[in-house]
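Below is one structure; the comments refer to it alone.
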Amino acid sequence: MGEQLPRLRPVLESIPGYRPGRSVASSGARAGAVYKLSSNENPFPPLPGVLERALVGADSVNRYPDLACGELVRELSRYLDVPESHIATGTGSVGVTQQLLQAVAEPGDEVLYAWRSFEAYPVLTQIVGADSVRVPLTTGAAHDLAAMASAITDRTRLVFVCNPNNPTGTIVHRAELERFLDRVPPDVLVVLDEAYIEFVRDDDFPDGIEVYRNRPNVCVLRTFSKAFGLAGLRVGFAVAHEPVAVALRKTAVPFGVTRFAQDAAIASLRADGLMRERVAALVAERDRVTSALTEQGWTVPPSHANFVWLATRERTAAFTQDCDDEGILVRSFDGEGVRISIGERTANDRFLFAAKRFRKETFG
Ligand SMILES: *Cc1c(COP(=O)(O)O)cnc(C)c1O
């Protein structure tokens, strides 16, 4: 008798096993501190009041949290000026992305997005059994919305627009987004993934909350992981019209957002002013890093997020190794490029040093 093993879904074979992000401990840095600029994390500690409030609830971890995240939803409703019934929470906005796909896509359906874009899109699409349709970025590393509109078929159920785009940092502007949305059939859901919206400095950027109000097929994704600095607590949310928001509550992991996460998110919203100051400091650093790289001779797409993108192509592995040797962990995409998060000033300086040396050694 042949050995019988549990049968797994064949689709899992094409999904890469979890590859842990490079850790500070595994870096090849010759000596000294190692900085992790590979996960777009916020280098600042939690905002004032966040840990205090989260710890107040620590003695009730024997209880399940509020399934509906009621207080957080009320606060978000006021913060964004949207109805409570339009807000759905999840374990990070990646969690909400999974809820969205489970709510709209089945085998045979198509999910459309730009490429390269956020790595969670292809994986989560495969897991629900739908087909990914990828539309290449423009030569300027931006979404090609005209091509994306043309790629919609009667099988398309969901379109991601990552704005700003991870990993290239580019944005789509208000007029082109509205033109695009006018071409999308009303039964296709458009998801505006705005994980980095707080870092945008552009008057023509379309705030998804304004865009969604009179468009029932638009859903906005936001997170506490980036500007608010709560990546480790896993809390994000969607803003969408009621049918979509109701569906997202049905596909959520029950009790997925812990009481710690809910309380920390509420306290973070109340420290909004300081969050904005910290984001302004990171934006200033981003612009300083961009100018310095440009001066070194690199071509850098204008970033509106807390990272920059270098299209290092066939030199990606060598560049990544050079950064690693300098104690700087970056996120590399083999054969394409490298995404470098903006961290504390010392880390950014260290990265700029590595980039300068690399250019000199490579291009003379
Ligand atoms: C970081 C990021 C998120 C947020 O992830 P969380 O699950 O909320 O931590 C969502 N979308 C994009 C494009 C991101 O880069």
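When reading the values below, keep in mind they use all heavy atoms of this one structure, side chains included, and skip hydrogens, waters and symmetry mates. Counting starts at 1 for both ligands and their atoms, following the listed order.
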**Asked** Parallel under 30°, tilted from 30 to 60°, perpendicular over 60°: which one fits the rings of Phe224 and Phe228?
**Response** tilted
**Prompt:** What residue pairs, at least two apart or across chains, pass ring pair (Phe, Tyr, Trp, His ring centres under 6.0 Å) with a residue in residues 42-97?
**Reply:** Tyr64-Phe255, His86-Tyr212, His86-His241
**Asked** Rounded to the nearest 0.5 Å, how far does CG of Leu100 lie from SG of Cys219?
**Response** 4.5 Å
**Prompt:** Got a sec, which residues hit salt bridge (Lys or Arg N to Asp or Glu O under 4.0 Å) with Arg259, two or more places apart in sequence or on another chain?
**Reply:** Asp263
**Asked** Which residue pairs satisfy the ring pair (Phe, Tyr, Trp, His ring centres under 6.0 Å) criterion with at least one member in residues 147-187, sequence neighbours excluded?
**Response** Tyr121-Phe160
**Message:** Under 6.0 Å from the ring centre and within 45 degrees of the ring axis: does the NZ or CZ of Arg331 meet both conditions for the six-membered ring of Phe333?
**Reply:** yes
Distances under 3.5 Å, N/O of ligand 1 against N/O of the protein: list each pair and its distance.
{"unit_1": "ligand 1", "atom_1": "7 (O)", "unit_2": "Ser93", "atom_2": "N", "d": "3.2"}
{"unit_1": "ligand 1", "atom_1": "7 (O)", "unit_2": "Val94", "atom_2": "N", "d": "3.0"}
{"unit_1": "ligand 1", "atom_1": "7 (O)", "unit_2": "Arg234", "atom_2": "NH2", "d": "2.6"}
{"unit_1": "ligand 1", "atom_1": "8 (O)", "unit_2": "Ser93", "atom_2": "N", "d": "2.6"}
{"unit_1": "ligand 1", "atom_1": "8 (O)", "unit_2": "Ser93", "atom_2": "OG", "d": "3.1"}
{"unit_1": "ligand 1", "atom_1": "8 (O)", "unit_2": "Thr223", "atom_2": "OG1", "d": "2.5"}
{"unit_1": "ligand 1", "atom_1": "8 (O)", "unit_2": "Ser225", "atom_2": "OG", "d": "3.3"}
{"unit_1": "ligand 1", "atom_1": "9 (O)", "unit_2": "Ser225", "atom_2": "OG", "d": "2.6"}
{"unit_1": "ligand 1", "atom_1": "9 (O)", "unit_2": "Arg234", "atom_2": "NH1", "d": "2.8"}
{"unit_1": "ligand 1", "atom_1": "9 (O)", "unit_2": "Arg234", "atom_2": "NH2", "d": "3.4"}
{"unit_1": "ligand 1", "atom_1": "11 (N)", "unit_2": "Asp193", "atom_2": "OD1", "d": "3.1"}
{"unit_1": "ligand 1", "atom_1": "11 (N)", "unit_2": "Asp193", "atom_2": "OD2", "d": "2.8"}
{"unit_1": "ligand 1", "atom_1": "15 (O)", "unit_2": "Asn166", "atom_2": "ND2", "d": "2.8"}
{"unit_1": "ligand 1", "atom_1": "15 (O)", "unit_2": "Tyr196", "atom_2": "OH", "d": "2.5"}
{"unit_1": "ligand 1", "atom_1": "15 (O)", "unit_2": "Lys226", "atom_2": "NZ", "d": "3.3"}

